[in-house]
Amino acid sequence: MCGIVGYVGGREATEFLVQGLRRLEYRGYDSAGVATIAPPRGIQVTKSTGRIEHLDRLLAATPSPGSIGIGHTRWATHGPATDENAHPHYGGEGAVAVAHNGVIENYQSLKDRLIAEGYRFRSQTDTEVVAHLIDSQLKRLDPAADIAAVDYQPLFRAVQLALRQLQGTYGLAILFRDYPTVLVAARLGSPLIVGVGQGEHYVASDASPLVGQTDRIVRIMDNEVALMTADKLRVVHRDQGPVRHLVSVLDADSGGAELGGFAHYMLKEIFEQPEAIRNAMRGRLDMDAATTRFGGLNLSPQQLRQAKRLILTGCGTSWHAGLVGKYQIEALARVPVEVEYASELRYSNPPLAGNSLLFAITQSGETADTLAALREIKRKGYPTMAICNVVGSTIAQEADGGIYLHAGPEIGVASTKAFTSQCTVLAMLAIYFGRLHHLGYDAGLRAVEELQELPGKVGRALETGEAVKRIAEKYAQANNFLYLGRQFNFPAALEGALKLKEISYVHAEGYPAAEMKHGPIALVDENTPSVFLIARDSVYDKVMANVQEIKARGGPVIAVVCEGDRRIRSVADDVIEVPATADFLQPIVSIVPLQFLAYYIALARGCDVDKPRNLAKSVTVE
Ligand code: M6R
């Protein structure tokens with residue numbers, strides 16, 4: 001989704017801006033731009049649709065000098081991807097330039113008013129409203145006043161007054177033609193971080209552009225406005241007075257992700273899974289008590305024992321992990337679990353039992369719907385937890401407690417290692433709650449021992465890559481796929497289908513294998529492969545019967561099975577063997593070949609794996 005960078009200091013701003021925008025590319029975007037000021041020339045905006053390389057070429061042809069500037073990658077919401085709609089946007093006749101993440105919900109009424117005041121709009125975006133609104137407030141400043149002499153307070157005030165009129169969400173970076181040493185950033189619901197350097201300040205919508213520049217950061221909170229010059233930073237609350245800002249150290253995990261010899265981040269992250277799973281478990285397995293432990297839940301075992309219903313919420317892949325978690329927790333702990341789409345939960349107002357406990361599952365910790373669902377449930381007075389990868393993210397901060405994945409930065413838009421890490425953390429939670437309730441010592445110990453072996457088994461599942469590549473090439477031209485599994489493997493089927501859709505643009509449906517008879521079986525023909533997840537579990541024979549139903553209708557079958565499964569060979573067209581593990585962990589192993597399948601089909605179809613069309617890594621709008 002959209003990304004913001006900003007710089008004020010002693011260097012050429014575009015050096016950082018362009019490099020920073022490249023670091024934000026993974027979030028997904030369709031246009032990009034920068035604005036700089038080099039007095040007396042005023043604000044110069046350079047922007048266009050397409051990739052950062054294109055912007056870079058434009059800047060090489062027509063440089064944008066200046067040691068202060070802002071930059072943006074846009075993921076279209078209001079108005080299509082065009083040069084005019086790309087950010088930054090001018091306010092007034094060039095007095096202001098604004099880059100914006102988020103959505104201004106009341107933009108139409110504000111726009112009507114600004115047009116009536118004489119403002120001319122060049123784009124269809126909601127952002128241009130913000131730029132003109134700030135300009136209209138600046139026009140009320142006393143032109144004779146020495147704004148710098150009074151610590152830029154009138155400027156602060158003008159921005160504050162403009163922001164108060166906005167409904168919706170924003171992360172903003174703002175330049176002012178008449179105050180060419182001042183960069184302003186403001187936040188409501190869309191993350192912004194200020195980097196503090198030696199005689200320079202940076203702004204970024206996530207930490208990745210700051211890595212290698214500075215490790216001292218200030219997280220701007222909702223309703224705060226930060227004003228920075230090269231050597232000063234002041235933060236005020238939009239409606240109240242100055243805020244004492246806390247300088248913290250940038251987490252070592254935050255960025256710096258390089259391809260390290262891999263062709264794509266997705267492939268690299270698939271291969272990082274054994275290590276990511278190890279990190280998720282590090283220090284959390286308690287062999288003596290045959291259980292797991294977590295440092296950050298901030299609830300005592302007595303309080304956690306009182307939780308009679310768990311609500312797991314998230315979006316996309318994180319929602320799939322929640323569904324795996326439901327099977328795991330209900331099987332091991334016998335605690336009822338509901339899994340809710342965060343986008344539905346935020347509005348559905350479900351009747352919750354008094355002793356419910358919410359877990360918001362999110363890689364980024366910034367997904368707008370997940371954040372809103374967490375806030376809604378918290379507002380109602382229920383305890384909320386985050387299962388999150390990005391340290392210090394909004395959801396991690398707002399939850400009452402939580403568990404970090406420690407998977408390292410996930411750059412690939414198609415989530416891989418975050419999914420398996422989330423499922424691992426949920427498996428650990430299942431053991432933890434199990435041991436609080438009915439799970440005996442021996443069963444607990446067996447479960448923990450299985451967990452210990454998981455990274456090794458995922459490592460062996462990675463050896464399927466070459467075989468899966470051949471299968472992918474065989475089926476790469478198919479336009480429809482079914483993904484089928486039962487019990488623990490049903491959510492993994494959903495996740496496999498999502499991976500294929502996301503990066504290869506091939507239609508794929510995930511279904512519980514038996515449910516397929518009630519409709520999707522109509523899709524089956526010789527051109528529609530069905531991908532089965534078959535574990536050596538209690539429903540093995542049932543799934544084999546479902547395989548026969550597909551074969552009887554001429555559909556090709558690709559089967560992911562446990563090592564040593566001979567029976568499947570006479571039925572399936574293509575077989576991929578992965579190590580067997582405990583039922584509750586099997587989806588974490590079996591998903592690996594499905595990640596490869598999506599990856600290699602996307603490659604065979606010539607798709608851009610790390611930058612799939614229309615998608616954003618972190619969906620920060622509703
Ligand atoms: O950062 P989050 O885990 O909250 O993101 C949720 C979804 O947007 C995300 O999982 C999305 O579905 C991925 N592109 C899946 O690969």
Side-chain angles (χ1 to χ4, degrees), residues 1-3 26-29 75 190-191 205-208 264-267 269-270 273 276 280 312-325 339-346 358-375 385-396 398-399 402-405 407-423 425-426 483 491-492 494-505 508 510 591 594-595 597-599 602 607-622:
M1 198 131 285
C2 306
Y26 77 95
R27 294 166 67 100
Y29 68 106
W75 187 85
S190 199
S205 49
D206 74 33
S208 50
H264 296 96
Y265 283 108
M266 182 183 177
L267 189 63
E269 288 157 8
I270 290 173
Q273 290 179 108
L312 307 184
T313 195
C315 301
T317 287
S318 296
W319 184 85
H320 293 157
L323 213 50
V324 173
V339 187
E340 303 277 354
Y341 286 111
S343 53
E344 291 295 306
L345 180 61
R346 63 184 294 184
L358 179 96
F359 283 88
I361 306 168
T362 169
Q363 188 285 129
S364 62
E366 302 295 350
T367 301
D369 285 323
T370 310
L371 176 60
L374 176 118
R375 284 178 175 163
M385 301 285 145
I387 296 177
C388 184
N389 194 32
V390 177
V391 175
S393 57
T394 308
I395 291 175
E398 293 203 12
I403 307 169
Y404 279 123
L405 302 180
E410 189 180 67
I411 305 294
V413 171
S415 181
T416 52
K417 65 175 178 174
F419 175 72
T420 44
S421 300
Q422 288 165 338
C423 294
V425 164
L426 286 159
Y483 281 71
L494 293 180
E495 175 61 8
L498 179 67
K499 290 288 87 87
L500 187 67
K501 277 183 272 210
E502 281 188 297
I503 57 167
S504 64
Y505 322 139
I591 192 65
L594 302 195
Q595 297 167 340
L597 189 65
Y599 176 77
C607 300
D608 189 343
V609 170
D610 281 337
K611 300 187 194 90
R613 73 181 181 206
N614 302 340
L615 293 184
K617 179 63 183 162
S618 177
V619 182
T620 49
V621 295
E622 190 174 344

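For ligands, and for the atoms within them, numbers begin at 1 and follow the listed sequence. In what follows, residues are counted from 1 in the order of the sequence shown. Quantities reported herein were computed from a predicted structural model and do not represent experimental measurements.
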Just do the side chain to side chain contact (heavy atoms under 4.5 Å, CB included) check on Glu340 and Leu312 with the steps written out, would you?
CA-CA 6 Å; Glu340 303 277 354; Leu312 307 184; over 6 Å; no
With side chain to side chain donor-acceptor pair (under 3.5 Å) as the test, would you mind laying out the steps for Gln273 and Thr416 before giving the verdict?
CA-CA 8 Å; Gln273 290 179 108; Thr416 52; 4.9 Å; no
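Distance from atom 7 (C) of ligand 1 to its nearest protein heavy atom, with residue and atom name: Cys315 O, 3.5 Å. Residue, atom and distance of the protein heavy atom nearest to atom 8 (O) of ligand 1 are Val619 CG2, 4.0 Å. Protein heavy atom nearest atom 1 (O) of ligand 1, with residue, atom name and distance: Ser364 OG, 2.7 Å. With hydrogens left out, the protein atom closest to atom 14 (N) of ligand 1 is Glu502 OE2, 2.5 Å, a heavy atom. Scanning the protein heavy atoms around atom 4 (O) of ligand 1, the nearest turns out to be Thr367 OG1, 2.4 Å.
Looking at Thr313, Asn389, Leu498, Thr317, it is Thr317 that brings a heavy atom closest to atom 9 (C) of ligand 1.
Contact between Lys499 and ligand 1 is present, with at least one heavy atom of the residue lying under 4.0 Å from the ligand. Contact analysis leaves Gly314 out of contact with ligand 1, as no non-hydrogen atom separation drops below 4.0 angstrom.
In terms of heavy-atom proximity, Ala497 sits nearest to Ala508 at O-CB, 3.7 Å.
For ligand 1 and Ser318, the ligand atoms under 4.0 Å from any heavy atom of the residue are 2 (P), 3 (O), 10 (O). Every atom of ligand 1 is numbered from 1 in the order shown, and the set under 4.0 Å from a heavy atom of Ala414 is 16 (O). Residue-ligand proximity, Val413 to ligand 1, at heavy-atom distances under 4.0 Å covers atoms 13 (C), 14 (N), 16 (O).
Note: Ile395 CD1 to Ile387 CD1 = 12.0 Å, rounded to the nearest 0.5 Å. Atom CH2 in Trp319 sits 14.0 Å away from atom CG in Asp369 (nearest 0.5 Å).
Residue Gln363 has at least one nitrogen or oxygen atom sitting less than 3.5 Å from a nitrogen or oxygen atom of ligand 1, judged on distance alone.
Between Ser318 and Gln422, the closest side-chain pair of non-hydrogen atoms falls below 4.5 Å.
At a threshold of 4.0 Å, the pair Glu398-Arg375 counts as salt-bridged, since one of the basic side-chain nitrogens sits closer than that to a carboxylate oxygen.
Side-chain polar atoms of Glu495 and Thr317 form a donor-acceptor pair below 3.5 angstrom.
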